Amino acid sequence: MKLLLIEDNATMQTTLRRSFERRGVQVIGCEDGARALALWQASLPDAVLLDLSLPGMDGLEVLSQARAAGLETPVIILTARGTVGDRILGLNTGADDYLPKPFDLDELEARLRALVRRSGNADSSSGAGRGPVWCGMHVEKDSGAVYFAGHPMELAPRELSMLQALLGKPGHAIAKERLFELVFPGENHVQPEAIEVVAYRLRKKIAHTGAQLVTLRGLGYLLKADS
């Protein structure tokens, strides 16, 4: 299991990280609300532990923006705000569970694994035709269409081919020559520089998603999350 831990208390984060790593869980830590959303989109964790009182952006705003971006990762809110009203607000914003501080680590782990199991079952039944979500985007396996936040993106065929390839390896460079083969298959009359025009147009069309199309000189192109 890969866990994104969004907690600004250094002592709490260290304690939880060590505890979960001893139990075989991979932990990615984040202390800042504004950075948390980008890290969430880039790392695609199996679950998120989210504190509400964060610097930069409140935890509820992080959660709200994540859900709006199509990120469906199971979320447990961990917070000292333990009133019924706070719990209802968190759940209505998109949290799957709520555990007030202080809490028992064994109970937290049990709730976490239960959420991940239920999420996995849901994905296998209703999301079988959907590829992994990254920055709110995913490729429908049957149609090949790219969706953002649940809505199909309006892309020209060549832009779509490029984005499909890049979403297959987000965060990893794909050679310009390889992308050319995928975007212009068998079109030997097209100049190699044409791939740059497609990249330019695609870059503008994904600007609202929180992803960047980056040109790496001598290496090719890659998708990365806004930092």
Side-chain angles (χ1 to χ4, degrees), residues 1-67 69-84 86-91 93-125 127 130-136 138 169-172 210 224-227:
M1 185 198 308
K2 181 163 63 174
L3 173 66
L4 175 59
L5 172 60
I6 308 171
E7 167 65 64
D8 69 325
N9 184 293
T11 301
M12 174 69 74
Q13 184 169 143
T14 298
T15 300
L16 289 174
R17 178 191 291 274
R18 289 175 178 172
S19 176
F20 278 112
E21 287 178 345
R22 284 197 297 267
R23 301 169 190 227
V25 176
Q26 178 187 351
V27 181
I28 302 168
C30 182
E31 306 83 19
D32 179 81
R35 181 171 173 267
L37 187 60
L39 190 58
W40 188 340
Q41 293 170 324
S43 63
L44 294 179
D46 298 304
V48 175
L49 295 182
L50 176 64
D51 186 30
L52 293 187
S53 300
L54 297 170
M57 184 188 296
D58 182 83
L60 286 178
E61 183 61 25
V62 173
L63 178 58
S64 176
Q65 291 193 26
R67 294 310 192 215
L71 297 171
E72 301 173 356
T73 316
V75 173
I76 297 180
I77 288 178
L78 303 176
T79 183
R81 306 178 196 174
T83 68
V84 173
D86 288 325
R87 291 197 294 272
I88 291 173
L89 182 59
L91 294 170
T93 302
D96 298 274
D97 203 351
Y98 200 113
L99 200 57
K101 299 175 181 178
F103 49 82
D104 181 81
L105 284 172
D106 289 333
E107 180 185 1
L108 173 58
E109 183 186 14
R111 291 191 183 204
L112 186 64
R113 293 192 182 278
L115 274 180
V116 172
R117 282 197 303 272
R118 288 200 296 271
S119 174
N121 290 338
D123 287 344
S124 64
S125 60
R130 189 184 72 180
V133 177
W134 189 83
C135 278
H138 70 271
K169 298 181 67 177
H172 297 273
K224 77 169 189 174
D226 285 333
S227 57

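All of these numbers come straight from a predicted model, not from anything done at the bench.
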Inset, instruction - Report the distance from atom CG of Leu37 to atom CG of Leu71, rounding to the nearest 0.5 Å. - result: 7.0 Å

Inset, instruction - Could you tell me whether Lys2 atom NZ has more than 12 heavy atoms of other residues or ligands within 6.0 Å of it? - result: yes

Inset, instruction - Under the side chain to side chain contact (heavy atoms under 4.5 Å, CB included) rule, collect the residues that match up with Arg67, sequence neighbours excluded. - result: Trp40, Leu63, Val75, Asp96

Inset, instruction - Check salt bridge (charged side-chain N to carboxylate O under 4.0 Å, His left out) between Arg113 and all other residues, then give those that pass, not counting sequence neighbours. - result: Glu109

Legend entry - Asp104: partners by salt bridge (charged side-chain N to carboxylate O under 4.0 Å, His left out), with sequence neighbours left out: none

Inset, instruction - Looking only at non-hydrogen atoms, find the nearest pair between Ala225 and Ala42 and report the distance. - result: CB-CB, 4.0 Å

Inset, instruction - Measure the CD-CG distance between Glu61 and Leu52 for me, rounded to the nearest 0.5 Å. - result: 12.0 Å

Inset, instruction - Sequence neighbours left out, what passes side chain to side chain contact (heavy atoms under 4.5 Å, CB included) with Arg17? Give chain and number order. - result: Gln13, Glu21, Val27

Legend entry - Approximate separation, where rounding is to 0.5 Å, of Asp97 CG and Leu115 CG: 5.5 Å

Legend entry - For Met12, all residues meeting side chain to side chain contact (heavy atoms under 4.5 Å, CB included), sequence neighbours excluded: Glu7, Asn9, Leu16, Lys101, Phe103

Legend entry - Within-4.5 Å side-chain heavy-atom neighbours: Thr73 and Leu4: no

Inset, instruction - Could you pull out all residues at least two apart from Ala69 that satisfy side chain to side chain contact (heavy atoms under 4.5 Å, CB included)? - result: Gln41

Legend entry - Side chain Thr14, main chain Ala10, donor-acceptor under 3.5 Å: yes

Inset, instruction - Compare all side-chain heavy atoms of Leu108 with those of Leu99 and state whether any distance is below 4.5 angstrom. - result: yes

Inset, instruction - Find out whether Phe20 and Leu112 are in side-chain contact, i.e. whether some heavy atom of one side chain is under 4.5 Å from a heavy atom of the other. - result: yes

Inset, instruction - Take Leu60 and Ile77, measure what side-chain contact (heavy atoms from CB on, under 4.5 Å) needs, and give me the verdict at the end. - result: CA-CA 9 Å; Leu60 286 178; Ile77 288 178; 4.3 Å; yes

Inset, instruction - Any chance you could measure Ile28, atom CD1, to Leu3, atom CG, to the nearest 0.5 Å? - result: 8.5 Å

Inset, instruction - List in chain and number order the residues that pass side-chain hydrogen bond (donor to acceptor under 3.5 Å, both in side chains) with Glu31, two or more places apart in sequence or in another chain; answer none if no residue qualifies. - result: none

Inset, instruction - May I ask you to test the Ile76-Leu78 pair for a side-chain heavy-atom distance under 4.5 Å? - result: yes

Legend entry - Straight-line distance of Cys30 SG to Leu39 CG, nearest 0.5 Å: 5.5 Å

Inset, instruction - Could you grab the distance from atom CG of Leu54 to atom CG of Asp32, nearest 0.5 Å is fine? - result: 7.5 Å

Legend entry - By salt bridge (charged side-chain N to carboxylate O under 4.0 Å, His left out) - contacts of Asp8 (at least two apart): none

